[in-house]
There are 2 protein chains.
Amino acid sequence: MPTSIKENYLKALHFLSLQSGVVSLTELGNAMEVSKPTVNDMVKKLAARGWVKHERYQPIQLTSEGHKAAALVIRKHRLSELFLYQVMGFGWEEVHDIAEEMEHIKSELFFQRMDEMLRFPVFDPHGSPIPDKAGNMVTPTYQLLSQISSPCRVALKAIRNSGTDFLKYLNEKNLQLGTELEISSIESFDGSISVSYGHCEQLVMSHSVSSLLWVEVIL
Amino acid sequence: MPTSIKENYLKALHFLSLQSGVVSLTELGNAMEVSKPTVNDMVKKLAARGWVKHERYQPIQLTSEGHKAAALVIRKHRLSELFLYQVMGFGWEEVHDIAEEMEHIKSELFFQRMDEMLRFPVFDPHGSPIPDKAGNMVTPTYQLLSQISSPCRVALKAIRNSGTDFLKYLNEKNLQLGTELEISSIESFDGSISVSYGHCEQLVMSHSVSSLLWVEVIL
DNA sequence: AAATAAAGTTAGATATGTCTAACTTTGAAG
DNA sequence: CTTCAAAGTTAGACATATCTAACTTTATTT
Ligand SMILES: [Mn+2]
Ligand SMILES: [Mn+2]
Ligand SMILES: [Mn+2]
Ligand SMILES: [Mn+2]
């Protein structure tokens, strides 16, 4: 039985693993906002439960069991987000914080029923994939808007950061999942991008914004 | 900030207070299934936070702050039960255990929205009153079926025990809130009661069943 | 290769929630 | 009014999750 704190460590490990597959104690400590001894202790406990592999002074790695355990927590989180959005009528900018609590509910029945009501959904309100009951999730091959190098047409597919402030900014700008953007120019100096879409003639996005948007190029 | 364990102590104190207004350490320990030193320690902490009044060797009493705090947890529990029942389609026998987890979610927004969706309900699926945001709840004047002394007609208004097994028993017998029962005879020897209702010609209820059913006499 | 910074570990402490064993107070019976 | 069981308390322990300060190992830089 993962306690909710351990579940949070597992989630952090999952996301930090996405780059290189391994995670340093320091990285994990920063992500969890705890000291190095704390994370060191916790890693020993996670290793004892078979969720991570760890040899002294070496970087940490999630085991396949650990990956599955993490995916099942992420599943609960994202199902909750979609439920809050679709069934309860919350805005996409409100759901993350509530889901952060709901994801620790143990009742399998609860999430089972949510899954049914939502017709076994595959994406959450921010466009992130929802793992299935086995912990498997699709891995869409989107590009970051900031990585597009020449003018073209793209569709907004997912948001990398589901913090309230950023999503409120997108609301103001009328940017939603599915919105099609015409990229008119890319400023190589600071990486800012000029786009037009819907009723918006021109919006200049800084690199820090465009690097949080996953898009798909439209042929 | 009550931790979820303290919230459970508050709830237990609330229910144990209903009889005499005061609670012994031993009673509270039995209800929470913890040892006397554990409950003794906890009571000191609850007293330090102003939720209970306690002098050495004396029985415990919830303060008005404690009563309110308890009522707000009960509010979350009962709102959750009704939400699970009404919106998510769970049976009344399934909702208690899930609500036991949901009641500890901190997000006010979540329960706010639930309250709105349910149109500010006053009773949960077991007929228990839902406290309002101030912690006030109606106190219906029902009688226990076991307290009825002579044959008459009553309506089932609330269930005293929301455990799965008892509610499944009621499901089997087709007994629901609102069901009208004709009491045909009362056996003074063992307190068993003969009732008829709907398509059921005769059901003999033991005292242990009839003492879990709140009813209202129909003129 | 030596010096040094970064990363990781150990030691010792604190807070919360729990336990058992032993002791004290209270109150009910005799 | 003594006796004694029940109720309550204290002492000392353990598990979990956290901290700071100090130490060790690894890796990078000169
Ligand atoms: Mn989220
Ligand atoms: Mn999301
Ligand atoms: Mn309940
Ligand atoms: Mn109920």
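Hydrogens, waters and symmetry mates play no part in the numbers below; they use all other heavy atoms, side chains included. The sequence lines fix the lettering, A, B, ..., with proteins before strands; numbering per chain opens at 1.
Rounded to whole angstrom, the span from the NZ atom of B:K6 across to the P atom of C:dA15 amounts to 13 Å. One atom, CG of A:L25, and another, C1' of C:dT10, lie 14 Å apart when rounded to the nearest Å. One atom, CZ of B:R49, and another, P of C:dG17, lie 7 Å apart when rounded to the nearest Å. Between B:K44 atom NZ and C:dG17 atom P there is a gap of 15 Å when expressed in whole angstrom units. The distance from atom CD1 of A:I60 to atom P of C:dG8 is 7 Å, rounded to the nearest whole Å.
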Classify every nucleotide of nucleotides 18-26 of chain D by which part a protein heavy atom approaches to under 4.0 Å, writing B for the base, S for the sugar-phosphate alone and - for neither, in 5'-to-3' order. BBBB--BSS

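For the pairing with B:I60, the side-chain contact (heavy atoms from CB on, under 4.5 Å) check across B:E55, B:H54, B:E27 returns one residue only, B:H54.
Residues B:H126 and B:H96 have side chains that never bring a donor and an acceptor to within less than 3.5 angstrom of each other. Between the side chains of B:S208 and B:S206, at least one donor-acceptor pair of N or O atoms lies under 3.5 Å.
Taking the charged nitrogens against the carboxylate oxygens, B:K106 and A:E100 have no contact shorter than 4.0 Å, which rules out a salt bridge.
Across A:E65 and A:R49, no two heavy atoms sit closer than the pair OE1-O, 4.2 Å.
Distances shown here put a side-chain N or O of A:T3 below 4.0 Å from the OP1 or OP2 atom of D:dA17. For the OP1/OP2 pair of D:dA6 and a distance below 4.0 Å, the side-chain nitrogens and oxygens of B:T26 include no atom meeting the criterion.
Side-chain contact check for A:K76 versus A:I105: every heavy-atom pair is 4.5 Å or farther apart.
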